[in-house]
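In each ligand, atom 1 is the first atom listed, and ligand 1 is the first ligand listed. Just so you know, these numbers come straight off a predicted model, no measurement behind them.
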Amino acid sequence: MTRLPMVEARKVVQMLPGGAGPVTVLREVSLSLFAGDLTLLSGPSGSGKTTLLSILGCLRRPTQGTLSIMGENVTGYDAGALARVRRLRIGFVFQHYNLFPALTARENLRLALDACDWDGADPSARVEHVLAEVGLTARGEAKPAAMSGGEQQRLAIGRAIAAGAPVILADEPTSALDARNGQIVMELLTELAHRRSATVLAVTHDPRTEPYADRMVRIEDGAITQDERRKISSRLTSSRDYRHE
Ligand SMILES: Nc1ncnc2c1ncn2[C@@H]1O[C@H](COP(=O)(O)OP(=O)(O)OP(=O)(O)O)[C@@H](O)[C@H]1O
């Protein structure tokens with residue numbers, strides 16, 4: 001059966017201003033992402049990873065090429081229409097979590113629901129569900145400063161999935177974390193892809209993330225130089241024991 005892409009970029013070119021005139025940062029990049037896959041995007045510094053992630057996430061419009069999200073061609077959309085697509089379809093996870101420091105974990109999640117105009121069942125119940133999903137039920141009243149880096153990143157992932165976004169884009173989600181917390185975050189992203197059929201793309205420099213990849217994409221100097229599917233790692237069966245820590 002042919003799988004339809006959840007995100008499909010075709011022949012994307014991105015020019016950006018440089019000191020000596022416009023610079024081509026992405027050169028006819030085509031990339032399709034599918035539900036149930038955890039894809040890792042790697043490459044040298046300056047190769048265009050973050051630029052590509054921002055195009056796939058409808059944060060930036062490419063100079064040329066097309067982008068479809070869940071079959072909807074969003075290429076010509078204005079900023080408002082792109083914001084709607086982001087709100088409904090895409091969750092972002094950043095290296096430095098980007099949580100609201102004055103709000104508790106629960107309030108951070110509630111705010112994410114409100115920002116998405118959540119119209120599903122009882123939002124408080126949804127917040128509790130998401131807290132459980134990311135293993136933070138016992139930390140609901142904690143503010144980010146009182147949480148470990150791993151807990152903050154799990155909360156950031158909870159925020160990304162709170163309103164049910166089917167596409168998760170993560171920029172260096174483990175690089176600020178120690179090995180144990182990096183592992184927990186990768187297990188969580190894997191679980192979202194495999195058990196919830198999320199479409200997950202993570203930009204990473206971190207070799208510790210590789211065992212979790214269903215697919216590895218490499219970009220160099222603005223062009224994809226490698227795109228290979230991996231066998232499912234045995235690691236994926238490991239238990240989420242941090243729920244009980
Ligand atoms: N707003 C901008 N204006 C001009 N040039 C930019 C802008 N943003 C990025 N660039 C340039 O585009 C190229 C790609 O940058 P990008 O951040 O996408 O690379 P990257 O692979 O994510 O790098 P890193 O791993 O260091 O984060 C770089 O040469 C960068 O200097």
(message) For Leu16, which part has a heavy atom under 4.0 Å from ligand 1: side chain, backbone, both, or neither?
(response) side chain
(request) Report the part of Thr51 in contact with ligand 1, treating N, CA, C, O as backbone and CB onward as side chain, heavy atoms under 4.0 Å; options are side chain, backbone, both, neither. (result) both
(message) Under the side-chain contact (heavy atoms from CB on, under 4.5 Å) test against Leu82, which residue among Val74, Leu59, Leu67, Ile90 passes?
(response) Val74
(request) Could you go through the salt bridge (charged side-chain N to carboxylate O under 4.0 Å, His left out) check for Arg10 and Glu28 one step at a time? (result) CA-CA 7 Å; Arg10 282 207 190 156; Glu28 299 206 336; over 6 Å; no
Taking a cutoff of less than 4.0 Å between a non-hydrogen atom of the residue and any ligand atom, is [X] in contact with ligand 1?
| X | result |
| --- | --- |
| His205 | yes |
| Gly43 | no |
| Pro44 | yes |

(message) Quick one, His194 with Asp214, criterion side chain to side chain donor-acceptor pair (under 3.5 Å). Give me CA distance, side-chain angles, the key distance, then yes/no.
(response) CA-CA 10 Å; His194 293 186; Asp214 297 302; 2.9 Å; yes
(message) Using a 4.0 Å cut-off to any heavy atom of Lys49, which atoms of ligand 1 qualify?
(response) 18 (O), 19 (O), 20 (P), 21 (O), 22 (O), 23 (O), 24 (P), 25 (O)
(message) Show the atoms of ligand 1 that are less than 4.0 angstrom away from any heavy atom in Pro17.
(response) 4 (C), 5 (N)
(request) State, yes or no, whether a side-chain contact exists between Arg215 and Arg230 at a heavy-atom distance under 4.5 Å. (result) no
(request) Please determine, by modelled atom types, if Asp171 and Thr50 share a side-chain donor-acceptor pair under 3.5 angstrom. (result) yes
(request) Kindly confirm or rule out an N or O of Glu172 lying under 3.5 angstrom from an N or O of ligand 1. (result) no
(message) If you measure every N or O of Val25 against every N or O of ligand 1, does any of those distances drop under 3.5 Å?
(response) no
(message) Run Thr174 and Asp206 through side chain to side chain donor-acceptor pair (under 3.5 Å) and show every step you take.
(response) CA-CA 7 Å; Thr174 62; Asp206 182 352; 2.7 Å; yes
